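Before anything else, here's the structure in question.
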Protein chains: 2
Amino acid sequence: MPVDRDHVLRSAAALLTRKSTATMDEVARAAGISRATLHRHFAGRDALVRALESLGIAECEAALDEARVDEGPAADAVRRLVVSIEPAAALLAFLYTENQLFEGEEQNAGWTRIDDRISALFRRGQESGAFRIDLTPAWLTEALYGLLASGAWAVMEGRVARKDFTFMITELLLGGALRREEP
Amino acid sequence: MPVDRDHVLRSAAALLTRKSTATMDEVARAAGISRATLHRHFAGRDALVRALESLGIAECEAALDEARVDEGPAADAVRRLVVSIEPAAALLAFLYTENQLFEGEEQNAGWTRIDDRISALFRRGQESGAFRIDLTPAWLTEALYGLLASGAWAVMEGRVARKDFTFMITELLLGGALRREEP
DNA sequence: CCCATGTGAGACATTCTTGTCTCATGCGCT
DNA sequence: AGCGCATGAGACAAGAATGTCTCACATGGG
């Protein structure tokens, strides 16, 4: 029976997120196929990572669409975005660190598009008066990536319950650790 | 002339933070020594990473000591901690992701000590009423690591100015993105 | 039923990295 | 000057991962 390309990619993502140095053979076994077949579908390890990158970009853009980040209060849009992006968080965590490897090469234009959309969301929140203006949109975007990765790892290692993932990230990102004054 | 072990470790940290798959040969060249000499001081790649881990733990504990995290308001202690830990942030970022590789093996006890001290700091802040209690100390600790790593990478790639590193991290971690109500 | 397609298993050469070794050189010290 | 010691350069073998290839087998469609 023909191989389910999507299933292979998701298996690879799950494995590589835990062990980023996994062998092509390990990736193949994790997907339940042989190394030869894996090679028939992805020319090499590099092509596999590129395919995972494309998958991650697609899921991010789908999450941005689904969360309708241009509508309503910016803070609510951020909450919706984190909810939508949660299923892809582990893959994102892998790609976030893997991207450090593509030193010389220019990064995939998809990331630029996503960065722009998320930055625009934070900028919109600043302009509406909801977000503070002394933290740059670029930094808020980076911080969101970092918190998503931290959250994904914390869940994987059992330090945070999966059901709390969204709450922990959105609350920290939006509200911070300090207690609010009672109004 | 004898090799400066500390200089080798710091060169290796700087290189491996950017390119975690760097060869022993690349590490040696980055430190300005030959591969043979690198091998005389560190039995192998594993030993090198372990030495970097020890260095990172030592710097973290030194930062915790220097910041006197047990004294004064917890929020100020967090600010002092970030300031003290900034020079080690890049090394921490590398180790934070590299730790994902030590799957089976138990992690170095030093990290447990550090986690405990930082968690205690957040717990102290909660008990004093300064920090909110709906975010667990464990998650706040993870989030601090994640933000330190994000910040280090953002600085390395020029998305955030180095002089803003401390401010961005402490302000986001403590205050969050939402604008405060004017008192 | 027969054929075509896609897969699994394994062999194979190649490349890269590692770990070890030897030898010559340079530097400091006596 | 002579000596000892650490280093640099390079050779070498062992191992791992990769990429390619062949062959046998199964499944599904004509």
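Chain naming here is simple, since letters A, B, ... match the order of the sequence lines and numbering starts at 1 in each. For clarity, every value in this text was computed on a predicted model and none was experimentally measured.
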With a 4.0 Å cutoff (strictly under), does any side-chain N or O of H41(B) reach OP1 or OP2 of dT7(D)?
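The answer is yes; a side-chain N or O of H41(B) sits under 4.0 Å from OP1 or OP2.
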Whole-Å distance between dT17(C) P and L48(B) CG?
16 Å
Minimum-distance nucleotide (side-chain atoms of R35(A) versus dA9(D), dA11(C), dG8(C))
dA11(C)
Whole angstrom is fine here: how far is it from CZ in R45(A) over to P in dC16(C)?
16 Å
Whole Å only: how far is the CE atom of M24(A) from the P atom of dC16(C)?
17 Å
Between dA17(D) atom C1' and R29(A) atom CZ, what is the distance in whole Å?
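Distance, rounded to whole Å: 14 Å.
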NZ of K19(B) versus P of dC16(C): gap in Å, rounded?
12 Å
From the list dT7(C), dT7(D), dT18(D), which nucleotide is the closest neighbour of the side chain of T37(A)?
dT7(C)
Determine, step by step, whether W139(A) and F122(A) satisfy the ring pair (Phe, Tyr, Trp, His ring centres under 6.0 Å) criterion, reporting the C-alpha distance in whole Å, the side-chain angles of both residues, the deciding distance to 0.1 Å, and the verdict.
CA-CA 10 Å; W139(A) 163 240; F122(A) 286 119; over 10 Å; no
Which listed nucleotide (dA9(D), dG10(C), dG19(C)) is nearest to the side chain of A36(B)?
dA9(D)
Polar side chain donor-acceptor pair, T97(A) to T97(B), under 3.5 angstrom
no
Hey, can you pull the donor-acceptor pairs under 3.5 Å for the side chains in residues 62-71 of chain B, sequence neighbours left out?
from	atom 1	to	atom 2	distance (Å)
D65(B)	OD1	R117(B)	NH1	3.3
D65(B)	OD1	R117(B)	NH2	2.9
R68(B)	NE	E71(B)	OE1	3.1

Report yes or no: do E86(B) and T166(B) form a side-chain donor-acceptor pair below 3.5 Å?
yes
What is the distance, rounded to the nearest whole Å, between atom CG of L38(A) and atom C1' of dG6(C)?
15 Å
For dT17(C), does either OP1 or OP2 sit under 4.0 Å from a side-chain N or O belonging to T23(B)?
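So the side-chain polar atoms of T23(B) do come within 4.0 Å of the phosphate oxygens OP1 or OP2 of dT17(C), strictly under.
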Whole angstroms only, please: what is the NE2-P distance between H7(B) and dT7(D)?
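Distance, rounded to whole Å: 14 Å.
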Which residue, E26(A) or R40(A), contacts DNA chain D at a nucleotide closer to its 5' end, judged by nearest heavy atom?
E26(A)
Whether D6(A) and R10(A) form a salt bridge (side-chain N of Lys/Arg under 4.0 Å from carboxylate O of Asp/Glu) is what I want to check.
yes
Closest approach to the side chain of H39(B), judged atom by atom: which nucleotide of dT7(C), dG8(D), dT20(C) is it?
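Closest nucleotide among those given: dT20(C).
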Just the rounded figure in Å: distance from C1' of dT17(C) to CG of D46(B).
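Nearest whole value for this atom pair: 15 Å.
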